[in-house]
2 protein chains.
Amino acid sequence: MGWEPVRRTRAFEDVIAQIERRIAEDGLTVGDRLPGERQLAEQLRVGRSSVREAMRVLETLGVVASHAGRGPDAGAVLTARPAGALADLLRLHVGLSSLSMREVAETRMMIEQWAVRHAAGHATPDRLDRLRAALARMERAGSADEFVLHDAEFHLTIAELSGNRLLTATMHALRATVQRHAVEAVERLGVTDPLMADHRRIYEAVASGDSEEAAAAIADHLTRAYPDPQGPTG
Amino acid sequence: MGWEPVRRTRAFEDVIAQIERRIAEDGLTVGDRLPGERQLAEQLRVGRSSVREAMRVLETLGVVASHAGRGPDAGAVLTARPAGALADLLRLHVGLSSLSMREVAETRMMIEQWAVRHAAGHATPDRLDRLRAALARMERAGSADEFVLHDAEFHLTIAELSGNRLLTATMHALRATVQRHAVEAVERLGVTDPLMADHRRIYEAVASGDSEEAAAAIADHLTRAYPDPQGPTG
DNA sequence: TCGGGACATATGGTCAGACCATACTGTGGT
DNA sequence: ACCACAGTATGGTCTGACCATATGTCCCGA
């Protein structure tokens, strides 16, 4: 008889499932602590190493953070940091050529355009302030490195205008993936005036609530910044 | 002096970095094998458990797959499966209320609209065939479960029209996240005629190359399918 | 009473070694 | 040529030990 080659559940997978079940049933939320590794191992009848592998997975996915020592902050604490996980994922898959920079850049364009088109109600004074501050710092930037830093802040705030945390986290990861290339591109380019003009145009459109103009401005900017598959900028 | 609390690099993080370096420098690609856990531990001067934690992380991120036994397929093999990682990430963060179904649904709308707007050149005969096949199977579906299965195939193929693997993988994950709710919603709804009409309208627009009509059809469909933050459908 | 230092303790991080489960590989007999 | 079986490489798991880190606790001296 040809049975399906049923892959027995590994111990650490069971641990993950149990922790997930506890989160759902006990209503655990961000900030709550999980039992210690030794205690968890005893409760679930597995070795501590299996618990640790489970924790590593959950940490990778940005759901728990572990700290040694004693006190309220020690141990495994539930968190909500999906951006790091997404950044790791993109970095590794781009390194493997499983994803191309073109695809990354395209996704970024999609998110930023969507964000400005759905900014109504999310363009708070605080966010507009941050956009202006980023613009000012970009102008005063003394190096490509510094310029890209504030450029990242600008585009990240644009993504926040979507009012969608998944998109914001993804934007974080996309930016991190492109970061190194962006610095090199700005250094190669030398002059940042065209980029600054793009940024100001985007800001004005957002501030005045002109969604389509903002989307067009973003398209122009990113097209300029990613002129070819090899040289992405910010 | 107030130094930054420098977190010493953990052994398994070093292992990950070394593997990543090898991928980049030795030009490893999907399908290549990594050394065995024992060998890797010896080479990098760490314990096998640290190697295993590193492998767990890489497996979670969808870049390696491990198989026991012997032969060419055994050991840790480089893969390119980002969708599973994204699905795990979404499931856990939704469970933690770190992401809402509204945000997930909204992201899905964004991707599908972008996909049909950029379908030019990617709407291959094969993909159109798959869309038609999914439509036919949805019509003949005998259960909500079966209907949702083919509905997923339909929308996944729509995402493929973007010609962007990152968006396709993300769509996989979004669908998986919504799956359970979708089945319940279809069962509650009983009749699937309106959903089928939506699907046909989407297909016709895509097949005739009318991007804006396709985008509008998707907006209508997903608005109908996700009528409120609690009850998403497909 | 208050401060500070020494010790206790809880928690994660790492290692070594053992054993099991799995699945190919090679060998030898038929 | 085929097939059965032993060999072996590989991941999966457990145990126990020890280190590193950070907080709690307690006692002593000023």
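Residue numbers begin at 1 in each chain, while the letters A, B, ... track the order of the sequences.
A salt bridge does not link A:R137 to A:E146: none of the charged side-chain nitrogens sits closer than 4.0 Å to a carboxylate oxygen. Between A:E42 and A:R38 no salt bridge is recorded (no basic side-chain N to carboxylate O distance below 4.0 Å). Between B:R188 and B:E184 there is no salt bridge, since none of the side-chain N atoms of the basic residue sits less than 4.0 Å from a carboxylate O of the acidic one. The pair A:R175-A:D151 meets the salt-bridge criterion, since a charged nitrogen lies less than 4.0 angstrom from a carboxylate oxygen. A salt bridge is defined here as a Lys NZ or Arg NE, NH1 or NH2 lying under 4.0 Å from an Asp or Glu carboxylate O, and B:E13 with B:R10 meets this definition.
Atom CD1 in B:I16 sits about 11 Å away from atom P in C:dT14, given to the nearest Å. Distance NE2 (A:H67) to C1' (D:dT23): 14 Å, rounded to an integer number of Å. Rounded to a whole Å, the CZ atom of A:R10 is 12 Å from the C1' atom of D:dT13. Distance A:D73 CG to D:dA22 P: 11 Å, rounded to the nearest Å. Counting to the nearest Å, the P atom of C:dT11 and the CD atom of A:Q39 are 7 Å from each other. Residue B:R45 contributes atom CZ, which lies 14 Å from atom C1' of C:dC15 at whole-angstrom precision. For the pair B:D14 CG and C:dT14 P, the interatomic distance rounds to 10 Å; values are reported in whole Å. In this structure, B:R48 places its CZ atom 14 Å from P of C:dC19, rounding to the nearest Å.
For a distance-only test at 3.5 Å, the side chain of A:R70 qualifies as a donor-acceptor partner of the base of C:dT9. A donor-acceptor contact under 3.5 angstrom links the side-chain atoms of A:R38 to the base of C:dG12.
Remark: B:S100 engages B:E103 in a side chain to side chain donor-acceptor pair (under 3.5 Å) (not counting sequence neighbours).
For A:R56 and C:dG13, the shortest distance from a side-chain N or O to OP1 or OP2 is below 4.0 Å. Using a 4.0 Å cut-off, some side-chain N or O of B:R52 falls inside it from OP1 or OP2 of D:dG12. Applying the 4.0 Å criterion to OP1 and OP2 of C:dC15, one finds that B:S50 has a side-chain N or O inside that range.
Scanning residues 77-85 of chain B for heavy-atom distances under 4.0 Å to DNA chain D yields an empty list.
Ring centroids of B:H155 and B:H172 are separated by 6.0 Å or more, keeping the two rings apart.
Among the protein residues, A:S49 comes within range of the nucleic acid bases, having at least one heavy atom under 4.0 Å from a base atom. At the heavy-atom level, B:A41 lies nowhere under 4.0 Å from the strands shown. Nucleic acid contact class of A:G69 (heavy atoms, under 4.0 Å, all strands): base.
Position along DNA chain D of the nearest nucleotide to B:A76 versus A:V51 favours B:A76 as the more 5'-ward residue.
For B:E37, whose side chain is taken as the heavy atoms from C-beta onward, the closest listed nucleotide among C:dC24, D:dT13, D:dG11 is D:dG11. Considering only side-chain atoms of A:S66, the nucleotide from C:dC24, D:dT13, C:dG12 that sits closest is C:dG12.
The closest donor-acceptor contact from the side chain of B:D26 to the backbone of B:L28 lies at 3.5 Å or more, if one exists at all.
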